[in-house]
Asker: 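I'd like to ask some things about the structure below.
Nothing here was measured: the structure is a model prediction, and the numbers come from that model. Residue numbering restarts at 1 for every chain, and letters A, B, ... go by the order of the sequence lines.
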Number of protein chains: 2
Amino acid sequence: MDEETGRRGAPTISEVADAAGVSRATVSRAFTRPGMLSPGTVARVREVAGRIGYVPNQVARALSTGRHGNIALIVPDVANPFFPPLIRGAQARADLAGYCLFLGSSDEAPEREETLVAKFAGQVEGLILVSSRLPEERIRAFAERRPIVVINRDVSGLPRVLIDTARGIAAAVDYLADLGHRRITYVTGPAASWSNQQRRHAVRRAARRRGIEMIALPAHRASFEAGREAVPEILATGATAAIAFDDVTAQGVLVGLAERRIPVPERFSVIGCDDVLGATTFPPLTTVSARCDEAGEMALDLLEDQLAGRGLRDIRCVLDTRLVVRGSAGPAPAA
Amino acid sequence: MDEETGRRGAPTISEVADAAGVSRATVSRAFTRPGMLSPGTVARVREVAGRIGYVPNQVARALSTGRHGNIALIVPDVANPFFPPLIRGAQARADLAGYCLFLGSSDEAPEREETLVAKFAGQVEGLILVSSRLPEERIRAFAERRPIVVINRDVSGLPRVLIDTARGIAAAVDYLADLGHRRITYVTGPAASWSNQQRRHAVRRAARRRGIEMIALPAHRASFEAGREAVPEILATGATAAIAFDDVTAQGVLVGLAERRIPVPERFSVIGCDDVLGATTFPPLTTVSARCDEAGEMALDLLEDQLAGRGLRDIRCVLDTRLVVRGSAGPAPAA
DNA sequence: GATTGACACGCAACCGGTTGCATTCCACTC
DNA sequence: GAGTGGAATGCAACCGGTTGCGTGTCAATC
């Protein structure tokens, strides 16, 4: 008993062994391989263990077996609503497989991500990196030490899951074109982001195919504010609709328009991407669903395969997307 | 080298010792107590270690020292915007103190929280439980094993930080009263929540003091939808303003009002609580700031004190709040 | 020149589990 | 009654670090 804190050291396997009159090996097996022991012994050991409050020490177990039972999931920013569904998906799968999920948030800073990964690497069996901001060679270096699965980052040679918004974006452009829009803008996201590049190209391609004009506007900062501040520029282009890099940016656009008393969708149409806001905006946001939850599930399945020794090293899972029509896009206003 | 995966076992302290021609103890000390060794030895050992890619094994270290260098932070739901600022605050402090923060999300389910805490308990030095949904005796039981700090839960005997919204709420009621509102509603949050009870009482007390009428409306579900669905009931009371349990609920109210083309704040005023949405709504939400980031910082500081052996076991930190005026509340409409 | 003490380093035990192998016991077969 | 095989359990090494204590070296002191 620690005098200072009143907290006593947890009972160890040896104490249980003494109390039950068996060897430490037997206690260990009573928990890990009960089939090896006589039913009576198992019951007796467990009873004693329960009585004195013994809980196997995970750390010691990990040291001798090399298996920690933990998986780390690192995201750039927990505050970004894109990630929680993904986290939840991964967590559900981790539960099923008996793994404990450790979450880390890097605040979009590569250095923080680096230290986070390094610290986690020693305590988990594998890691999932979401929208990693790390240089590719660093990711590869870590992958030498531990199995790694990446999400939304196309690192060849590693298992990766990519959300392919191209199809959904194309549907969004078609939708706008069908509604009579002839000039649209794309409000850009982080320049370094794989998703942003992919989305921007998708908008451009689809617009060209439909013969409508597309103007890309650089985002000066992150997300919401970027969207809000882009509104004057958007309007200056003479466009009648905007597709935003993500839902949060789209929400910014929505607010910027509301501030100028421009009714949506009557006078201007807005489409987001990711479908993370649900119907919490006004008007409810028409958006491209990214199925983030499935991305999380899939990443965990891939990692599990790696850990089990089965599963390919170089596998590229692409998740398709579709347009979710709500109320923020409508017919182009008469000129 | 593992034939299957191409991944080799990490170099151990023994390999470094052999390569550098010193004992394992010396290698260990070269990293943990360089002052004990001659500068030349330290340099040589580190050089060799770096060359063969040695990284101290955290698990082994934790086993022998009992110090893991990890802290767990468990929240009910990462998707709730209340938590990210708190997480960030805690993380910043953890960095400073050299701890690695493990995050867990319990999805509001006590059983999940229970297993999460149990799994984490063996691998961290201490835990922070935010808005825990666990029965008090369970929290106490875990606190026997590891230092625990709780946030927004008044468990006597444990270090706890409480966000006291009473003052801010009172200011909000005063503000509304000053603007001429005579009947207001409070849109309730989760019944089991400590914060909800506290806020509800605060509204009632302040309303009585100012001699205005206060009507509490039960929330049928969580947050956003609760707010949106409460709008008809709110309007039926004849009230001219609403204070919502939290910002997300307030956002729901805002959307519900917008759907009915009721302009805010011209015809109805809305005030939220927590200040987690910033100015991302339209109109920007007037709200009671909860200083969640500071709560996270403070909790980590308290935990650190516990771990260092200093610090009281039974300490109750109360964070004050204040009203943040934006644009969602205005003068009461003329009757 | 013997004594002393600081310094640098090695030895070996220890943290709390797991596990290959040896041992004991017993029922069963020939 | 000796031989055999399987079931139940113990022994002891091992996982990869940390650390108290002991030893050897060398310069300073008397």
Side-chain angles (χ1 to χ4, degrees), chain A residues 2 7-46 48-49 52-70 118-119 121-125 145-146, chain B residues 2 8-46 48-49 52-70 119 121-125 145-146:
Chain A
D2 183 332
R7 224 179 313 272
R8 43 163 304 138
T12 73
I13 204 171
S14 302
E15 299 175 32
V16 178
D18 289 349
V22 297
S23 72
R24 301 192 304 150
T26 299
V27 177
S28 172
R29 291 196 263 250
F31 288 94
T32 55
R33 292 147 138 77
M36 242 180 109
L37 266 37
S38 79
T41 309
V42 173
R44 188 158 40 90
V45 170
R46 290 203 177 157
V48 171
I52 66 181
Y54 168 74
V55 180
N57 180 327
Q58 287 292 334
V59 172
R61 179 175 286 179
L63 180 60
S64 66
T65 61
R67 322 203 57 238
H68 313 65
N70 304 325
K119 283 223 176 188
Q123 326 197 35
V124 301
E125 291 182 42
R145 302 219 295 133
R146 297 277 182 208
Chain B
D2 183 333
R8 43 163 305 140
T12 73
I13 204 171
S14 302
E15 299 174 33
V16 178
D18 290 349
V22 296
S23 72
R24 302 193 304 151
T26 299
V27 178
S28 172
R29 292 196 262 252
F31 288 95
T32 57
R33 292 147 139 77
M36 238 180 113
L37 267 36
S38 78
T41 310
V42 173
R44 188 157 41 89
V45 170
R46 290 204 175 155
V48 172
I52 67 181
Y54 167 75
V55 180
N57 180 328
Q58 286 292 335
V59 173
R61 178 175 289 178
L63 180 58
S64 66
T65 60
R67 321 203 58 238
H68 313 65
N70 304 325
K119 284 223 178 188
Q123 326 199 30
V124 301
E125 293 182 41
R145 302 218 295 133
R146 297 275 182 209

Asker: Closest-nucleotide mapping onto DNA chain D: is A:Arg24 or B:Leu63 further toward the 5' terminus? I mean the 5' end.
Answerer: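 Here A:Arg24 is the residue nearer the 5' end.
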Asker: Hey, is the main chain of A:Glu125 close enough, under 3.5 Å, to the side chain of A:Arg67 for a donor-acceptor pair?
Answerer: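 Not at all, since once roles are kept as given, no pair shorter than 3.5 Å links the two residues.
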Asker: At a heavy-atom distance below 4.0 Å, which nucleotide of DNA chain C is the first touched by chain B, and which is the last?
Answerer: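 Span of nucleotides near chain B: C:dA8 to C:dG16.
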Asker: Could you walk me through whether A:Asn57 and A:Thr12 pass the side-chain contact (heavy atoms from CB on, under 4.5 Å) check?
Answerer: CA-CA 8 Å; A:Asn57 180 327; A:Thr12 73; over 6 Å; no
Asker: Using a cut-off of 4.0 Å on non-hydrogen atoms, how would the nucleic acid contact of A:Phe31 be classed: base, sugar-phosphate, or nothing?
Answerer: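 If one applies the 4.0 Å heavy-atom cut-off, A:Phe31 turns out to touch nothing in the nucleic acid.
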Asker: If you round to the nearest 0.5 Å, how far is CD of B:Gln58 from OG1 of B:Thr65?
Answerer: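 Atom-to-atom, B:Thr65:OG1 and B:Gln58:CD are 9.0 Å apart.
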Asker: Please report the end-to-end axis angle for the helix from C:dG1-D:dC30 to C:dC30-D:dG1, five pairs per end, rounded to 10 degrees.
Answerer: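 Both end axes considered, the difference amounts to 60°.
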Asker: So which of residues 32-41 of chain B are in contact with DNA chain D, with a heavy-atom cut-off of under 4.0 Å?
Answerer: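 Per residue number, the list reads B:Thr32, B:Arg33.
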Asker: For the side chain of A:Arg146 and the backbone of A:Val124, is there at least one donor-acceptor N/O pair under 3.5 Å apart?
Answerer: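 Between the backbone of A:Val124 and the side chain of A:Arg146 there is a qualifying donor-acceptor contact (under 3.5 Å).
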Asker: Got a second to check how far B:Thr26's OG1 is from B:Arg33's CZ, nearest 0.5 Å?
Answerer: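 One gets 13.0 Å once the value is rounded to the nearest 0.5 Å.
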Asker: What nucleic acid atoms does B:Val22 come within less than 4.0 Å of, heavy atoms only: base, sugar-phosphate, or nothing?
Answerer: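 Here B:Val22 touches the backbone only, sparing every base.
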Asker: B:Val42 versus B:Pro39: any side-chain heavy-atom pair under 4.5 Å?
Answerer: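 B:Val42 vs B:Pro39: side chains apart.
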Asker: For B:Val55 and for B:Arg29, find the nucleotide of DNA chain D with the closest heavy atom, then tell me which residue's nucleotide is more 5'.
Answerer: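 Nearer the 5' end of the strand: B:Val55.
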Asker: So how far is it from B:Asn70 CG to A:Gln123 CD, rounded to the nearest 0.5 Å?
Answerer: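 Answer rounded to 0.5 Å: 4.0 Å.
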Asker: Would A:Thr41 and A:Arg44 count as a side-chain contact (heavy atoms from CB on, under 4.5 Å) here? Give the steps.
Answerer: CA-CA 5 Å; A:Thr41 309; A:Arg44 188 158 40 90; 4.1 Å; yes
Asker: Indicate the atoms forming the closest heavy-atom contact of B:Ala20 with B:Val48, along with that distance.
Answerer: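 What the structure gives for the nearest pair is CB-CG2, 4.0 Å.
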Asker: For A:Ile13 and A:Tyr54, which heavy atoms make the closest approach, and how far apart are they?
Answerer: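 Closest approach of A:Ile13 to A:Tyr54: N-CE1, 3.6 Å.
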